[in-house]
Amino acid sequence: MGANVERARAAAIEFLAGRDQEVIDLACALIAAPSPNLPGDETAPAAVITDALKRYGLPEPRVIAKEPHRPNLIVRIDGAHPGPHLALCGHIDTKPVGDAAPEWRTDPLTPTIQGDRLYGLGSTDMKGAVAAMILAGAAFAHAAPDAAGSLSLVFTADEEYGSAMGAKYLVEAGALEGIDSIILGEPSGVHEDWDAIRIVSRGISCFRVVVHGTQTHSSISDLLPTVNAVEAMARFMVAFRREFKPRYPAHPLCPTGPTINIGVKTLGGVGYGVVPGHAEFWTDVRTTPGMERETFFEDVMTTLKRVESELRGATYEIDPHPVLEWIPPSEVPTDHPMVTAALAASRDILGQAPPLAAFPGATDAYAFHVLGGIPTLAAFGPGQLPLAHGPNEWVSVTSVKQAMRMYALTALCCGASGGNS
């Protein structure tokens with residue numbers, strides 16, 4: 001099979017040699033196809049993908065949708081020889097522009113290239129990766145007569161708001177049967193492009209703490225007993241942040257444990273003239289492998305109880321998020337065939353393989369790996385995570401070009417590994 005592998009690699013590299021502009025043009029078309037979530041509607045980028053697949057002679061995608069405006073697309077490409085079935089997966093929704101709109105220096109939905117930077121909403125998270133996957137799929141198809149295994153391209157809806165319409169639905173529908181492993185194209189850079197291949201997907205737990213006081217006329221707050229819910233919440237929140245130290249097992253790729261963000265959002269008050277009777281703060285914790293829901297919430301409740309004195313007459317309740325209450329972390333072994341293949345492809349294209357690390361956030365690995373039982377690599381994609389979810393998002397043009405080559409070589413190497421994942 002060795003000669004076939006070399007021929008397949010050579011065919012894929014030759015196919016991609018003159019297509020650098022094509023992958024950037026496709027990334028631009030995807031950015032210009034809006035898909036903010038919320039509200040959630042991925043039909044525009046799905047149409048761009050469908051047209052691109054047709055243009056490159058790839059199979060028509062299977063469209064699997066819980067609701068018509070939330071499509072998931074799956075394309076399977078088979079090599080001529082038996083081997084493992086790898087999927088490259090990218091989500092096609094984005095965060096909304098939101099309150100950051102005034103801070104954008106360019107139109108978020110007008111792809112703009114300045115030097116080596118492609119600006120636009122979703123450029124790094126993760127429409128650049130989606131474009132690279134399509135070109136990689138076309139290269140795999142071109143090399144198919146000598147290739148082993150199968151490659152699927154999986155493009156999902158709803159990743160940015162819990163995946164109920166996307167990855168989770170694909171698992172529930174049995175749409176991923178036969179796929180041995182999945183690589184997510186999340187931006188794997190934090191400080192610079194390709195600074196790690198991220199084999200751990202951290203989990204997430206989100207909840208709000210609601211504080212109740214006395215809503216009344218503000219002119220009598222010094223005449224009658226009143227409890228200002230906003231003041232109580234502020235004291236309670238600061239004390240909770242100081243005291244909250246959830247238990248976690250040691251992990252070599254997560255040495256500092258979970259990331260705790262108290263007060264990612266606060267609400268409270270009516271306005272001038274009213275002592276506020278309601279206030280709340282929202283908490284976002286990124287969990288690490290080995291943490292368990294029951295233990296975590298025991299730590300939450302114990303800490304809240306310990307700092308109750310800061311309420312000074314107010315009461316409180318905890319309200320876990322209906323979707324994001326507990327999404328557990330996942331990881332794949334360092335010697336997994338798709339990890340080995342990604343490392344080899346990185347050495348070929350980048351000159352050296354990045355180190356293995358944990359992805360700071362949660363990903364669709366939860367749905368695919370934890371719920372679906374399919375080993376999933378959390379992040380192997382162009383771009384830098386700190387650029388996502390904020391104004392002036394960009395992805396480097398160079399990294400998108402590198403990604404399409406690394407994806408193609410990873411798929412060919414993984415297929416040639418000969419063993420199921």
Side-chain angles (χ1 to χ4, degrees), residues 37-38 40 95-96 98-99 158-168 200-213 227-249 251 254 256-269 276-330 358-367 370-371 388-389:
N37 185 16
L38 297 171
K95 286 291 188 184
D99 295 338
D158 198 31
E159 191 274 345
E160 297 290 6
Y161 204 70
S163 302
M165 301 287 176
K168 286 182 184 176
V200 170
S201 177
R202 294 208 296 176
I204 188 171
S205 180
C206 295
F207 58 89
R208 65 180 186 144
V209 175
V210 181
V211 175
H212 301 285
V227 177
N228 185 312
V230 171
E231 291 180 1
M233 178 206 70
R235 294 189 302 269
F236 197 45
M237 181 176 67
V238 170
F240 178 65
R241 180 66 186 92
R242 183 182 64 246
E243 299 292 329
F244 183 48
K245 295 176 175 59
R247 288 167 284 178
Y248 62 91
H251 190 283
C254 306
T256 59
T259 300
I260 301 170
N261 290 287
I262 308 297
V264 292
K265 183 173 182 176
T266 58
L267 297 169
H278 174 103
E280 59 189 65
F281 65 89
W282 297 15
T283 293
D284 172 329
V285 178
R286 304 304 173 119
T287 59
T288 56
M291 293 181 71
E292 299 289 343
R293 179 189 178 281
E294 184 175 347
T295 301
F296 176 80
F297 278 101
E298 180 181 302
D299 293 338
V300 171
M301 298 308 296
T302 298
T303 306
L304 290 173
K305 183 72 174 176
R306 189 161 62 244
V307 297
E308 274 185 358
S309 60
E310 298 292 346
L311 290 169
R312 301 180 193 173
T315 60
Y316 75 94
E317 59 190 291
I318 182 171
D319 181 25
H321 189 276
V323 176
L324 303 176
E325 173 187 357
W326 186 258
I327 293 179
S330 68
F359 188 69
T363 70
D364 274 339
Y366 161 67
V370 178
L371 298 182
H389 301 185

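The backbone N or O of E325 sits less than 3.5 Å from a side-chain atom of S205, completing a donor-acceptor pair.
When all heavy atoms are compared, the tightest approach of V300 to F240 is O-CE1, 3.9 Å. V370 and P329 make their closest contact through CG2-O, 3.9 Å (heavy atoms, listed as atom of the first residue, atom of the second, distance). Contact record, A229 with G277: CB-C, 3.5 Å, taken as the closest heavy-atom pair.
From T363, atom OG1 reaches atom CD1 of I327 across 9.5 Å, with rounding to the nearest 0.5 Å. Interatomic distance, F207 CZ to I318 CD1, rounded to the nearest 0.5 Å: 5.0 Å.
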task = Output, in order, the C-alpha distance, side-chain angles, deciding distance and verdict of side chain to side chain contact (heavy atoms under 4.5 Å, CB included) for E294 and W326.
result = CA-CA 10 Å; E294 184 175 347; W326 186 258; over 6 Å; no

From CA spacing to verdict: side chain to side chain contact (heavy atoms under 4.5 Å, CB included), K168, V323 = CA-CA 12 Å; K168 286 182 184 176; V323 176; 4.2 Å; yes

task = Carefully, step by step, assess T287 and Y248 under the rule side chain to side chain contact (heavy atoms under 4.5 Å, CB included).
result = CA-CA 8 Å; T287 59; Y248 62 91; over 6 Å; no

message = Using side chain to side chain contact (heavy atoms under 4.5 Å, CB included), reason through H251 and V200 one step at a time and then give a plain yes or no.
response = CA-CA 10 Å; H251 190 283; V200 170; 3.9 Å; yes

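By the salt bridge (Lys or Arg N to Asp or Glu O under 4.0 Å) test, R208 is found to be paired with E280, D319, residues two or more places apart in sequence or in another chain being considered. Residues forming a ring pair (Phe, Tyr, Trp, His ring centres under 6.0 Å) with Y161 (at least two apart in sequence, or on another chain): none. Scored by the salt bridge (Lys or Arg N to Asp or Glu O under 4.0 Å) test, R235 finds no partners at all (sequence neighbours excluded). Scanning for salt bridge (Lys or Arg N to Asp or Glu O under 4.0 Å) contacts around E292 gives an empty result, with sequence neighbours left out. In this view, A234 satisfies the side-chain contact (heavy atoms from CB on, under 4.5 Å) rule with no residue, not counting sequence neighbours. Under the rule for a side chain to side chain donor-acceptor pair (under 3.5 Å), the partners of D299 that lie at least two apart in sequence or sit in another chain are R247. Remark: S163 pairs with D364 by the side chain to side chain donor-acceptor pair (under 3.5 Å) rule, at least two apart or across chains. Under the ring pair (Phe, Tyr, Trp, His ring centres under 6.0 Å) criterion, W282 pairs with no residue at all, not counting sequence neighbours. D158 meets the salt bridge (Lys or Arg N to Asp or Glu O under 4.0 Å) test with R70; sequence neighbours excluded.
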List, one per line, each side-chain donor-acceptor pair under 3.5 Å for residues 308-317, sequence neighbours excluded.
unit_1: E308; atom_1: OE2; unit_2: Y316; atom_2: OH; d: 3.2
unit_1: E317; atom_1: OE2; unit_2: H212; atom_2: NE2; d: 2.6

Let me check something: any side-chain donor-acceptor pairs from residues 257-269 under 3.5 Å, sequence neighbours excluded? List them with distances.
unit_1: T259; atom_1: OG1; unit_2: R202; atom_2: NH1; d: 3.2
unit_1: T259; atom_1: OG1; unit_2: R202; atom_2: NH2; d: 2.6

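Looking only at side-chain heavy atoms (C-beta outward), Y366 and S330 stay at 4.5 Å or farther from each other.
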